[in-house]
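Here is the structure we will look at.
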Amino acid sequence: MIAPGPAAIPAFDAARVRRDFPILGQQVNGQPLVYLDNAATTQKPDSVIEAIDSYYRCDNANVHRGVHTLSDRATQRFEQARQSVADFIGSPATSQVIWTSGTTAAINLVAYSWGHSRLRSGDRILVSWLEHHSNIVPWQLVAAATGAEVVPVPVTDEGEIDLSALDTLLDERVKLVAVNHVSNALGTVNPVREIARRAHAAGALVLVDGAQSVAHWPVDVAALDCDFYTFSGHKLFGPTGIGVLWGREALLDAMPPFLGGGEMIEQVAFSASTFNSLPFKFEAGTPNIAGAIGLGAAVEYLAGIDRQGAAAHEAALLQRTLELAEQVQGLRRIGHPRHAAGIFSFLLEGMHPSDLGMLLDQQGIAVRTGHHCAQPLMARFGIPGTVRASYSIYNTQEDVSRLFEGIHKAQRLFA
Ligand code: PMP
């Protein structure tokens, strides 16, 4: 008898995935929509829309402490979502998954709670030049209040963090290194595990802004060995207004509350109040219940697709993009990172990014233009902004072709 060979693994089918996202079936300006603004926000599959819809239609009630059936159902769905997210990022415990309104709120939580209680005059926070404003400004605010200093880590002309410059900066004054996992402006995938190793060796903590990574490949926070990890639901096929702060349990436990109010307390008296355990200590007030349930549905959706295949598919889209870009006269790619996620940032000679963005929109192609909330990085490259096409699991090679047809047409119209 001949032993059966290994089962054939079906290739990742982006066209099939695309059908799960109802918004993508429409025409924009008379053309089938090509949505290439995924780094700003992703579209939502039916299962996420249905989870939010069914929550409001069937189970809506406030969570925790309720004695009635709807409250119990809402609480179960809300906490099940936390469990799904914990599984999705490899969190050792659900108590380490704190709901926030997004990445920005998660970073601010750490900056205020950890930063205000730990930072002193003369301490340093290192942030890379690749950072989004939301991983720069919260640190500037806490630095202004504590006397600490925010010090940028240079990036190379390729758009990668300069690791030898990082080594030079890492001394005993540094208390935290804050870096993104993927640059939203250039697509650079940063070696965050290696950065964490170097930072820890110097006695510093590491916060990773994962806003642009979690949608592209499986992230395991324990394997990355970072101290804090943050991301937003809306860039991960979930709703807006929900996000996650993940942190090491001992650190979160030792941190004082950020916002005070209902839910985050154990006992309140005018003489003094005591605080709830994790994660509730950091979840004051009525949370975004529908948002959490929607995000739970989003990560459950991703658990059902071939994520390695999806990552390879996105890499192939970027590869084709780079090939076609070579054939466009006057196109300048910004940054040439060796390891890039599906983000392509560029300029066309003689054309303002927003003009190109509008000409593409007229052809049904959605891209983002501007500084991408990364003004220091734009200044580093001496440019006011870029045009950015960013890919997701539902984009196809047809979308890439349409982008370049659109660019060529815009060039003809502009000539
Ligand atoms: N960090 C990065 C790398 C981002 O791309 C973004 C969103 N563009 C943010 C932080 C902020 O995310 P949010 O607006 O969802 O809080």
- [ ] Say whether, by atom type as modelled, one donor and one acceptor occur between the side chain of Arg82 and the main chain of Val97 under 3.5 angstrom.
- [x] yes
Task: Any donor-acceptor N/O pair, Lys44 side chain to Gly238 backbone, under 3.5 Å - done: yes
- [ ] Would you tell me whether Ser232 and Thr103 have side-chain atoms, one donor and one acceptor, within less than 3.5 Å of each other?
- [x] yes
Task: Salt-bridge present (Glu398, Arg18; N to O < 4.0 Å) - done: no
TODO: Output the distance between atom CD (Glu283) and atom CG (Asn276), rounded to the nearest 0.5 Å.
DONE: 9.5 Å
Open item on the list: Using a 3.5 Å distance criterion without hydrogens, assess whether the side chain of Ser117 forms a donor-acceptor pair with backbone atoms of Ser113.
Closed with: yes
Task: Parallel, tilted or perpendicular: ring planes of His64 versus Phe280, cut at 30 and 60 degrees - done: perpendicular
- [ ] Look up atom OG in Ser390 and atom CD in Glu314, then write down how far apart they are to the nearest 0.5 Å.
- [x] 10.0 Å
Open item on the list: Rounded at 0.5 Å granularity, tell me how far OG1 in Thr321 sits from CG in Leu317.
Closed with: 6.5 Å
Task: Whether Trp99 and Phe78 hold their rings parallel, tilted or perpendicular, with breakpoints at 30° and 60° - done: tilted
Open item on the list: Tell me whether the count of non-hydrogen atoms from other residues, nucleotides or ligands lying under 6.0 Å of CD in Gln27 goes above 12.
Closed with: yes
Open item on the list: As a test of understanding, state which of Arg193, Arg198, Arg248 forms a salt bridge (charged side-chain N to carboxylate O under 4.0 Å, His left out) with Asp225.
Closed with: Arg248
Open item on the list: Counting only heavy atoms from other residues, nucleotides and ligands, does the tally under 6.0 Å from CD of Gln26 exceed 12?
Closed with: yes
Task: Under-4.0 Å salt bridge between Lys409 and Glu405 - done: no
Open item on the list: Rounded at 0.5 Å granularity, tell me how far CD1 in Ile107 sits from CD1 in Ile136.
Closed with: 10.0 Å
Task: Lys/Arg-Asp/Glu bridge criterion (N-O < 4.0 Å) met for Glu160, Arg338 - done: yes
Open item on the list: Are Phe88 and Leu236 packed together at the side-chain level, in the sense that at least one heavy-atom pair is separated by less than 4.5 angstrom?
Closed with: yes
Task: Nearest-0.5 Å distance, CG of residue Asp123 to OG1 of residue Thr146 - done: 7.5 Å
Task: Main-chain N/O of Val155 paired to Arg380 side chain as donor or acceptor, under 3.5 Å - done: yes
- [ ] Would you please classify the geometry between the Tyr394 ring and the Phe237 ring as parallel, tilted or perpendicular, with 30° and 60° separating the classes?
- [x] perpendicular
Open item on the list: Would you compute the distance between atom CG of Asn184 and atom NE2 of His372 and round it to the nearest 0.5 angstrom?
Closed with: 7.5 Å
TODO: Tell me, yes or no, whether the heavy-atom count around Arg368 atom CZ, taken from other residues, nucleotides or ligands under 6.0 Å, exceeds 12.
DONE: no
- [ ] Using the ring pair (Phe, Tyr, Trp, His ring centres under 6.0 Å) rule, take Phe231 and His181 through it: C-alpha gap first, then chi angles, then the decisive distance, then the call.
- [x] CA-CA 10 Å; Phe231 57 97; His181 201 164; over 10 Å; no
